[in-house]
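What follows is a set of notes on a single structure, which appears directly below.
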Amino acid sequence: MSNNRQNWNSKLGFILAASGSAIGLGNIVFFSSNAYQYGGGAFYLPYFIALFVLGLPIMMLEFGIGTMTGKSFPMALSQLAGKRAEFAGWWSVMSAMFITAYYVAILGWAFGMMVGSFGSLFEPGITAPFTPFEAPQPSPSAMVYFFHLIATWWPVIFIFVIWGLNLLILQRGTESIERAVRIFVPLMWVFMIGLVIKGLTLDGGFDGIMYLFTPDLEGISEAGVWRGAFSQMFFSLSLGLGTMTAYASYLPKDADQINNSFLVSFLNCSFEFIAGLAIFSLLFVFALNPAGSTLSLSFFVIPQGINELSSSPWIVRLFGFLFFFLIVIAGLTSSISLIEGPASALMDKLKISRKRALALVAIPCMIGSVLCTLPIIVDKGLSGNGTLGLSILDITDHWVFSYSLLIVGFMEAIAIGWVLGADKLRLALNKHSKWNIGPWFNIFIKFVVPGILLTVIGTSLWSEREGLYGANVDMGSFNWLPIFIPIFWLLISLGVAFYLTSRPNPEEA
Ligand code: PFF
């Protein structure tokens, strides 16, 4: 392991941090809306297949190269598979920064809803008149509240609160991360289990579960369902962004990474499963209609259900508060890993202090978070994306989420599978593991994983021919955004990745 690198205090600290990274907005907000969009039962089978054929092998790879080299993602790839692989690593760092920018913006909105739970979010007759968009309604409408909230400057303040918390937790590296995840990770399990018990014991709660688990064989034949499940699995397990390698690099060299991969995946998927049960039971109990964007399910459909949970306004408020608090802490333990990945990569490459590296990552990402929360209204009918910030977020998410992670996944599988040789990684993993993985692992890393990823990327690109993403929303003078954002994302990611790759590595300098 390279000199003066930090270490986790305990294996538990690492497992809490890595599972805290995996469990986040993806498990609560994105999973349920994906599962709903793809028809509930049709989603589960592709999702579980994705876990075994894609998630576990890539997690073993990302954990494995972290402990093999004791370095963050780009430097680990560089050492094991050369400069071209390092380029993939820096691309992942840039993608992590793009995602961090909008991930924190969503957390800022969740924070706003959390504060609103004890404000006017659940107060009949108060919520509605605030909105510039809709006629006053007699009962509280979380949707109206949400759109009102994002059309104010408050979220810009909230994102600085979230950024402050992130930097506070990251300030002392593994030491302060470990302290935070020891509190937050168990807490979010307790809240989620409480929510699912409440949902399932309500009359009709089981219907949601039946919807979620009744297999829908017709749905499975659609390519989109598979694409959705594979991308969701990648994001949910925090793969393709270098975060898992950064966390693993702080472990001793003899860590059992096969066992760790199973444990972290199991914790992540169980949480996702429980979150699905909780959300779908509420959805069916209150016959809610989750039509709309990805955020709608958690940000206003579920709060609408929470509003009907009890006749006591204080119980409603408390539940609403805890629901958004859960989203905020789950998101926070993920956003710290999204920031730690790039920061540790910069520390390794440029040999700069943690403080400097954090500033280099945080400043551009904060600007991005502010852009994603800009309250300027671009769609007066709110038929599309509402505010400028939401439009920027939505278009950026489309490109980064659907392509960056998977392209990096493809490149790392090729680099390790073919350039280093999958067998070298397999032997290194087996050396310290109780269960050994057989030669099937080589076939997965060399053929199956790249083949699947290429197919998913190819079919996604093919579906782009229907029109540029976001171009159907009328954003007035901002109608250039759907073209500008993908170009900006590609140029900046590739440009910075080229620049950093071309600089000499510390050992060579
Ligand atoms: N896995 C996180 C979630 O499900 O919300 C998101 C994430 C965190 C993705 C860190 C990637 C990453 F590196």
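Indexing begins at 1, ligand by ligand and atom by atom, following the structure's order. We number each residue from 1, following the sequence as shown.
The OG1 atom of T501 sits 12.0 Å away from atom CH2 of W91, with the distance rounded to the nearest 0.5 Å.
The 12-atom threshold is exceeded at CH2 of W399, counting heavy atoms of other residues, nucleotides or ligands nearer than 6.0 Å.
Of all atoms in ligand 1, listed by their number and element, those nearer than 4.0 Å to a heavy atom of A22 are 1 (N), 2 (C), 3 (C), 4 (O). Near N27, meaning under 4.0 Å from one of its heavy atoms, ligand 1 places the atoms 4 (O). Near G26, meaning under 4.0 Å from any of its heavy atoms, are these atoms of ligand 1: 3 (C), 4 (O), 5 (O). Each of the following atoms of ligand 1 lies closer than 4.0 Å to a heavy atom of S21: 1 (N), 2 (C), 8 (C), 10 (C). Within ligand 1, the atoms closer than 4.0 Å to a non-hydrogen atom of Y103 are 2 (C), 3 (C), 5 (O), 6 (C), numbered from 1 in the order shown. Atoms of ligand 1 found under 4.0 Å from any heavy atom of S236 (numbered from 1 in listed order, with element): 1 (N), 4 (O).
The side-chain contact (heavy atoms from CB on, under 4.5 Å) test applied to A17 returns W8, I177, V181, Y247, not counting sequence neighbours.
At a 3.5 angstrom cut-off on N or O pairs, S337 does not count as close to ligand 1. The shortest N or O to N or O distance between F235 and ligand 1 is under 3.5 Å. For a threshold of 3.5 Å applied to N or O pairs, the pair formed by L241 and ligand 1 contains no separation below that value. Ligand 1 has a nitrogen or oxygen under 3.5 angstrom from a nitrogen or oxygen of L25.
Side chain to side chain, W163 and S369 meet the donor-acceptor criterion of an N or O pair below 3.5 Å. R182 and S10 are linked by a side-chain donor-acceptor pair at a separation below 3.5 angstrom, with hydrogens and angles left out of the test.
The closest protein non-hydrogen atom to atom 13 (F) of ligand 1 is T243 OG1, 2.8 Å. Counting protein heavy atoms only, atom 7 (C) of ligand 1 is closest to S238 OG, 3.6 Å.
Residues E340 and R354 are paired through a salt bridge, judged by an N-O separation under 4.0 Å between the basic side chain and the carboxylate.
Looking at Y103, its side chain never comes within 3.5 Å of a backbone N or O of L338 through a donor-acceptor pair.
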Please walk me through it: do F410 and Y403 pass ring-ring contact (aromatic ring centres under 6.0 Å, His included)? CA-CA 10 Å; F410 174 78; Y403 295 101; over 10 Å; no

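Ring geometry, W109 versus F146: the interplanar angle exceeds 60°, so the pair is classed perpendicular (tilted spans 30 to 60°).
Of all the heavy atoms of S335, none lies under 4.0 Å from any atom of ligand 1, so neither backbone nor side chain is involved.
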